[in-house]
Amino acid sequence: MRIAIVSDVHSNLEGLQAVLRHAEAGGPVDGVWCLGDIVGYGPEPSAVLAELRRRALVAVAGNHDLAACGRMGVEEFNRTAAEAAVWSGEQLSEAERGYLRALPLTAVSGAFTLVHGSLRHPEWEYLLSSEQALAQFELQQTAYSLVGHSHLPFWVEEEAGRSPEFRRAGDGTRLELGERRLIINPGSCGQPRDGDPRASYVLYDDGAATVTWHRIEYDIAETQRKMERAGLDAWLAERLAVGR
Ligand code: ZN
């Protein structure tokens, strides 16, 4: 079984399609796991949602999904994010907003728990420190947890008596899952923030018991043109080219 794990797609259809093409070129893909923020920031919320839902999809809600469907207010968003969330909600049909409203905050698939931010604060926490990783392992009922939200690809291994260390994952980083407990962030498919503008995702191969990070080039200029036509904030388009 091969699963494409994506997060923070943020209405970026070119990024998502490039990732899915890459995953499907390597063999049959049996499902897509999405760690939230399907919408927000980017120009095509409806098309991205449809592209994901054409696959066997397991998805959890991110803060932008919750804001776009009205399940969460935008008071805690900065102005640009708030405007983009409201705009995204307006592009979606009532049925699409209903789909987002019904998304769970966490989901378990096999040995993996999926969540957007962290298990203690699914919608909001950026899991980036050793203290936060310890809290996550404490709450984690499965061997592995998958998080997004920070848009940074990394992994953390639980080590007895040691403060957990964050390890950056780049293109081609491959992990044997083994017996250990792990926190894994696939990075962002639609708005990377680690200085590498290529779309990021993880491919899970259950036969080989491995996860592999991949960085995929996509037509950033096309996404930017669509954002400009939609009247979205210029900075949101500019940041795609620099991966920030
Ligand atoms: Zn996000």
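In listed order, ligands and their atoms are each counted from 1. Nothing here was measured: the structure is a model prediction, and the numbers come from that model.
The distance from the Zn ion (ligand 1) to the nearest N/O/S atom of H116 is not under 2.8 Å. For H151, the nearest N, O or S atom to the Zn ion (ligand 1) falls under 2.8 Å.
D37 contributes atom OD2 as its closest N/O/S atom to the Zn ion (ligand 1).
Between E24 and R55 there is a salt bridge, since a side-chain N of the basic residue sits under 4.0 Å from a carboxylate O of the acidic one.
A donor-acceptor pair under 3.5 Å is absent between the side-chain atoms of N12 and the main chain of G42, judged by distance alone.
The CG atom of L232 sits 5.5 Å away from atom CE of M227, with the distance rounded to the nearest 0.5 Å.
Seen from the Zn ion (ligand 1), atom OD1 on D8 and atom NE2 on H10 lie at an angle near 110° (rounded to 10 degrees).
Screening E138, E157, E158 for a salt bridge (Lys or Arg N to Asp or Glu O under 4.0 Å) involving R181 leaves a single residue, E158.
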